[in-house]
**Q** 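Mind looking over this structure? Questions follow.
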Amino acid sequence: MTLKEVERLRPEDFKDINVPISTMLKWFDVCDAYWMHSGKIEDPHVELTSGKCSNGFFDCLRVLKYLNLSEILANQMARKIRFYMPNEKIDWVIGSPMAGITFGHDVARALGAKIFMFTEKDPSQNGKMLWKRVQIPEGETVLQIEELITTSTTLNAVKEAVDEGNYSPVNWVPFIGVLVHRPPELPVSYYGDRGVISLIEKRVWAVEASECELCANGSQRFRPKTHWAELTGKR
Ligand SMILES: [Zn+2]
């Protein structure tokens, strides 16, 4: 499959089917949005911006920037959410900046939710989010959608911001929807009291180079953003 073919995929062709994870990963691969270490010790691995080593890389924006892929994946997300919560009323969908905004918007539309909104990054406090522009009326239900979950940090910052910034108590539905769930350990089924509904799930670890088994065995490490070809073997 080529990028040209992916660009031509039509959302209506995927509306009533469950797209296999392997197919979605193929789209990510074609968009250079995904790479996982093969497990072979001699193959290279990822050097993160933090300086840590990792066995995997995801950049959802490289997929979600395509309107057709965002719509197809949002429809898939909505199908899965409706499978787990067939009768749950979902009034609001809330996402986080940046890559999660357009995806959350598309999921809200696919679910038939009334409102989509997103939290903002607090410029004065790293990692903190703000909720100050709109108010969720009492009794309305809220679903959180994320494009990527690595740890619970952003996830919880969104919930905390909305809970703190909203005048009346917020009625969260019992699940969070996420396009790519890539925790350092699996399985993770819950964050707090909310379950996880993911389309793609992979265990992606990150460790200091001094503790990295791949480095210790001579595997080279590359930064995905600058050395994609060396990392992936793609030309
Ligand atoms: Zn390493």
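We're numbering straight along the sequence, starting at 1.
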**Q** For the residue pair F116 and F118, categorise the inter-ring angle as parallel (less than 30°), tilted (30 to 60°) or perpendicular (more than 60°).
**A** tilted
**Q** Under 4.0 Å between a side-chain nitrogen and a carboxylate oxygen: does that hold for E12 and R10?
**A** yes
**Q** If you count every heavy atom of other residues, nucleotides or ligands that lies below 6.0 Å from D13 atom CG, does the total exceed 12?
**A** yes
**Q** Any chance you could measure L69, atom CG, to C31, atom SG, to the nearest 0.5 Å?
**A** 5.5 Å
**Q** So do the side chains of Q135 and Y167 get within less than 4.5 Å of each other, counting heavy atoms only?
**A** yes
**Q** For the residue pair W92 and P137, what are the closest heavy atoms and their distance?
**A** CZ2-CD, 3.8 Å
**Q** Grouping I, L, V, M, F, W and Y whenever their side-chain heavy atoms are under 4.5 Å apart, do L25 and L3 come out in a common cluster?
**A** yes
**Q** Salt-bridge test for R82 and E88: reply yes if a basic N is under 4.0 Å from a carboxylate O, no otherwise.
**A** no
**Q** Looking only at non-hydrogen atoms, find the nearest pair between C215 and A209 and report the distance.
**A** CB-O, 4.1 Å
**Q** Can you tell me how far CD of E140 sits from NZ of K114, rounded to the nearest 0.5 angstrom?
**A** 3.5 Å
**Q** With no hydrogens and no angle check, is any side-chain donor or acceptor of N55 less than 3.5 Å from a backbone partner on H37?
**A** no
**Q** Same hydrophobic cluster for V134 and V142, using side-chain heavy-atom links shorter than 4.5 Å among ILVMFWY?
**A** yes
**Q** Using modelled atom types and a 3.5 Å cut-off, is there a donor and acceptor pairing between side-chain atoms of Q76 and backbone atoms of F14?
**A** yes
**Q** Using side-chain heavy atoms (C-beta onward) and a distance below 4.5 Å, is I94 in contact with I145?
**A** no
**Q** Before you tell me yes or no, could you show the steps for K132 and E164 under salt bridge (Lys or Arg N to Asp or Glu O under 4.0 Å), namely the whole-Å CA-CA distance, both residues' side-chain angles and the distance that decides it to 0.1 Å?
**A** CA-CA 9 Å; K132 56 183 184 180; E164 278 171 26; over 6 Å; no
**Q** Are E201 and R182 close enough for a salt bridge, meaning some N to O gap below 4.0 Å?
**A** no
**Q** Any side-chain to backbone donor/acceptor pair from S219 onto D43? Under 3.5 Å, distance only.
**A** yes
**Q** For the residue pair H227 and F222, categorise the inter-ring angle as parallel (less than 30°), tilted (30 to 60°) or perpendicular (more than 60°).
**A** parallel
**Q** In terms of heavy-atom contacts, does CD of E7 have more than 12 from other residues, nucleotides or ligands at under 6.0 Å?
**A** yes
**Q** Under 3.5 Å, is there a donor-acceptor pair between the side chain of T232 and the main chain of W228?
**A** yes
**Q** Following the transitive rule for hydrophobic clusters with a side-chain heavy-atom cut-off under 4.5 Å over Ile, Leu, Val, Met, Phe, Trp and Tyr, establish whether I176 and I136 coincide in one cluster.
**A** no
**Q** Looking only at non-hydrogen atoms, find the nearest pair between L73 and F103 and report the distance.
**A** C-CE1, 3.8 Å
**Q** Just checking M1: does its CE atom have more than 12 heavy atoms from other residues, nucleotides or ligands closer to it than 6.0 angstrom?
**A** yes
**Q** In Å and rounded to the nearest 0.5 Å, what is the CG to CE distance from N87 to M85?
**A** 11.0 Å
**Q** Side chains of N18 and R79, heavy atoms from C-beta outward: is any pair under 4.5 Å?
**A** yes
**Q** Before giving the answer on side chain to side chain contact (heavy atoms under 4.5 Å, CB included), spell out for K80 and L199 the whole-Å C-alpha distance, their side-chain angles and the decisive distance to 0.1 Å.
**A** CA-CA 8 Å; K80 203 158 178 182; L199 286 187; 4.0 Å; yes
**Q** May I have the step-by-step check of side chain to side chain contact (heavy atoms under 4.5 Å, CB included) for I200 and Y34, ending in yes or no?
**A** CA-CA 11 Å; I200 294 169; Y34 154 75; over 6 Å; no
**Q** Would V30 and L61 show up in the same hydrophobic cluster when neighbours are defined by side-chain heavy atoms closer than 4.5 Å?
**A** no
**Q** Could you tell me if the side chain of I197 sits less than 4.5 Å from the side chain of F83, heavy atoms only?
**A** no
**Q** If you round to the nearest 0.5 Å, how far is OG1 of T49 from CZ of R223?
**A** 5.5 Å
**Q** Are T150 and F58 side-chain neighbours, meaning at least one heavy-atom pair lies under 4.5 Å?
**A** no
**Q** So, does N75 use its side chain to make a donor-acceptor pair with the main chain of V107 at under 3.5 Å?
**A** no
**Q** Look at the side chain of K234 and the backbone N and O of D29, then say whether any donor-acceptor pair between them is shorter than 3.5 Å.
**A** yes
**Q** Check each of K52, K225, R221 against E47 using the salt bridge (charged side-chain N to carboxylate O under 4.0 Å, His left out) test, and report the only one that passes.
**A** R221
**Q** Does any non-hydrogen side-chain atom of D193 lie less than 4.5 Å from one of P174?
**A** no
**Q** May I ask whether I21 and V204 are part of the same hydrophobic cluster, defined by side-chain heavy atoms of I, L, V, M, F, W, Y residues being less than 4.5 angstrom apart, directly or through others?
**A** yes
**Q** If you apply the rule side chain to side chain contact (heavy atoms under 4.5 Å, CB included), what do you find for K89 with D91, and how did you get there?
**A** CA-CA 6 Å; K89 183 169 80 89; D91 298 312; 2.6 Å; yes
**Q** Quiz question: by atom type and distance under 3.5 Å, do the side chains of S124 and D122 form a donor-acceptor pair?
**A** yes
**Q** Indicate yes or no: at least one non-hydrogen side-chain atom of L111 is less than 4.5 angstrom from one of I81.
**A** yes
**Q** So M117 and W131, do their side chains get closer than 4.5 Å, heavy atoms only?
**A** yes
**Q** Walk me through it: do S96 and M129 pass the test side chain to side chain contact (heavy atoms under 4.5 Å, CB included)?
**A** CA-CA 8 Å; S96 63; M129 296 276 181; 4.1 Å; yes
**Q** Please tell me whether W172 and Q144 have a donor and an acceptor in their side chains that are separated by less than 3.5 angstrom.
**A** no
**Q** Surrounding NZ of K15 (heavy atoms of other residues, nucleotides or ligands, distance under 6.0 Å), is the total greater than 12?
**A** no
**Q** With a 6.0 Å cut-off on ring centres, are Y191 and H181 close enough?
**A** yes
**Q** Kindly give the heavy-atom pair with the smallest separation between L186 and R203, and that separation in Å.
**A** CD1-N, 3.6 Å
**Q** Salt bridge (Lys or Arg N to Asp or Glu O under 4.0 Å), that's the test. Do E71 and R109 meet it? Break it down for me.
**A** CA-CA 9 Å; E71 188 175 342; R109 191 198 302 274; over 6 Å; no
**Q** What are the two closest non-hydrogen atoms of V93 and A113, and how far apart are they?
**A** CG2-CB, 3.9 Å
**Q** Could you tell me the separation between the OG1 atom of T102 and the NZ atom of K65, rounded to the nearest 0.5 Å?
**A** 12.5 Å
**Q** Which heavy atom in F57 sits nearest to a heavy atom in P224, and how many Å separate them?
**A** CD1-CG, 3.4 Å
**Q** Under a 3.5 Å threshold, yes or no: a donor from one side chain and an acceptor from the other, between N171 and T141?
**A** no
**Q** Give a yes or no answer on whether the side chain of E213 reaches the backbone of I41 with a donor-acceptor pair at less than 3.5 Å.
**A** no
**Q** Is there a donor-acceptor pair closer than 3.5 Å between any side-chain N or O of T2 and the backbone N or O of E5?
**A** yes
**Q** So, taking the atom named OG in S198 and the one named CD1 in I149, what distance separates them when rounded to the nearest 0.5 Å?
**A** 8.5 Å
